[in-house]
Amino acid sequence: MMHKQVMLAAISGSVVLLVAALGFQYLANLPPCPLCIWQRWAHVFAVVFGALALAIGWRLLPVAALLAMLAGCGIAFYHVGVEQGMFEGLEGCAGESLSGQTAVDLLDLSKAVPVAACNEVAWSFVGVSMAGWNGMLSVVLAAMWGLAIVAHGRGRRLGAGG
């Protein structure tokens, strides 16, 4: 049963990081960049795979959650590299451009989706950007998924089932 507790903790960790990201976006008015959005998707997938694993018990779902977290780690650390000027960034990472837009376009609220530049640090704590914190915390969550997988396998070998 320990594996279910670890899975629940990992799911909760991803939910907390998603809520924090949305809080920064909507409460602190810090729009995400494309790499930020991709990092969120890793957490969404981990939550969905984890919740399904708890609900139906399919053994490969925790592995899928682990892979989602590892992908999220890669994206987060790539994002840190873009912020630090080590990598170029993607085509959509330049941020919002107003060139080529008419006054009517700028006033159309249905088109008003702010996008931040990937190479700018919008917020940091103790010198670590949001992408850096997300990367480090995603490593912890990936380790938790790995622990849950190992604990589940160990429990099955000991006859605990589950």
Side-chain angles (χ1 to χ4, degrees), residues 5-55 61-149:
Q5 294 169 331
V6 176
M7 285 172 44
L8 188 57
I11 292 167
S12 299
S14 282
V15 168
V16 166
L17 290 176
L18 285 168
V19 168
L22 292 171
F24 277 108
Q25 180 177 348
Y26 292 107
L27 300 177
N29 199 28
L30 295 174
C33 74
L35 290 173
C36 295
I37 299 295
W38 288 13
Q39 290 170 73
R40 292 178 189 185
W41 278 109
H43 291 290
V44 168
F45 285 126
V47 168
V48 169
F49 293 145
L52 284 172
L54 288 174
L61 287 168
V63 175
L66 169 63
L67 294 174
M69 277 294 83
L70 291 174
C73 293
I75 295 166
F77 291 126
Y78 173 75
H79 189 181
V80 170
V82 170
E83 290 173 340
Q84 299 300 316
M86 297 173 3
F87 307 119
E88 184 70 27
L90 306 175
E91 185 177 323
C93 283
E96 192 172 32
S97 172
L98 301 179
S99 65
Q101 294 186 7
T102 66
V104 175
D105 291 335
L106 294 174
L107 293 175
D108 185 356
L109 294 179
S110 68
K111 296 180 183 177
V113 180
V115 178
C118 297
N119 63 349
E120 295 177 10
V121 176
W123 179 90
S124 67
F125 179 68
V126 295
V128 179
S129 70
M130 277 192 276
W133 283 109
N134 182 57
M136 291 185 291
L137 293 170
S138 293
V139 166
V140 171
L141 293 174
M144 291 171 72
W145 282 111
L147 177 62
I149 293 164

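Predicted, not measured: the structure shown is a model, and the values here were computed from it.
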Might you point out which heavy atoms bring [X] and [Y] nearest each other, and give the distance in Å?
X	Y	result
Ser14	Leu141	OG-CD1, 3.6 Å
Gly135	Cys73	O-SG, 4.1 Å
Val6	Met144	CG1-O, 3.1 Å
Gln39	Gly72	CG-O, 4.4 Å
Ala42	Ala68	CB-O, 3.3 Å

Atom CD1 of Ile11 and atom CG of Leu52: how far apart are they, to the nearest 0.5 Å?
->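 Interatomic distance, Ile11 CD1 to Leu52 CG, rounded to 0.5 Å: 9.0 Å.
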Interatomic distance, Leu66 atom CG to Met7 atom CE [nearest 0.5 angstrom] = 12.0 Å
Check whether any side-chain heavy atom of [X] sits under 4.5 Å from a side-chain heavy atom of [Y], and report yes or no.
X	Y	result
Met136	Val140	no
Met69	His43	yes
Cys93	His79	no
Trp133	Val80	no

Can you give each donor-acceptor pair under 3.5 Å made by side-chain atoms of residues 116-132, sequence neighbours left out, with the distance rounded to 0.1 Å?
unit_1: Ser129; atom_1: OG; unit_2: Glu83; atom_2: OE1; d: 2.6
unit_1: Ser129; atom_1: OG; unit_2: Ala131; atom_2: N; d: 3.4
unit_1: Ser129; atom_1: OG; unit_2: Gly132; atom_2: N; d: 3.2

Evaluate the ring planes of Phe49 and Phe45, with Trp represented by its six-membered ring, and classify them as parallel (under 30°), tilted (30 to 60°) or perpendicular (over 60°).
-> parallel
Donor-acceptor list for residues 15-23 side chains, cut-off 3.5 Å, not counting sequence neighbours:
none

